[in-house]
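All remarks here apply to the structure that follows.
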Amino acid sequence: MADQFEDSANNVIIEEVNKGLNPGMVVLLVVASFLLIFFVGNYALYVYAQKTLPPKKKKPVSKKKLKKEKLKQGVSAPGE
């Protein structure tokens with residue numbers, strides 16, 4: 001509540017204690033909650049996408065690369 005103090009001239013000084021939330025704390029809580037919701041939502045969407053989307057298709061290997069790899073292994077390429 002209100003605290004009373006007396007100074008040297010016997011004047012009563014009343015200090016009121018503010019028991020509400022600090023505006024800085026309110027802003028901090030709002031920003032922190034939005035960040036938390038953002039990161040949790042992104043993680044949930046990522047997990048959902050991993051479960052539902054089909055895997056990426058691999059690029060087809062060119063005939064030139066196949067020929068090089070077979071030559072490295074010592075197997076003759078078809079058609080030679």
What's in the same ILVMFWY side-chain cluster as [X], cut-off under 4.5 Å, chained through other members?
| X | answer |
| --- | --- |
| Leu66 | Val61 |
| Leu29 | Met25, Leu28 |
| Phe38 | Val27, Val31, Leu35, Phe39 |

**Message:** Taking side-chain contact (heavy atoms from CB on, under 4.5 Å) as the criterion, tell me which of Leu45, Val47, Val40 meets it with Tyr43.
**Reply:** Val47

**Request:** Can you measure from NZ (Lys67) to NZ (Lys64) and round to the nearest 0.5 angstrom?
**Result:** 9.5 Å

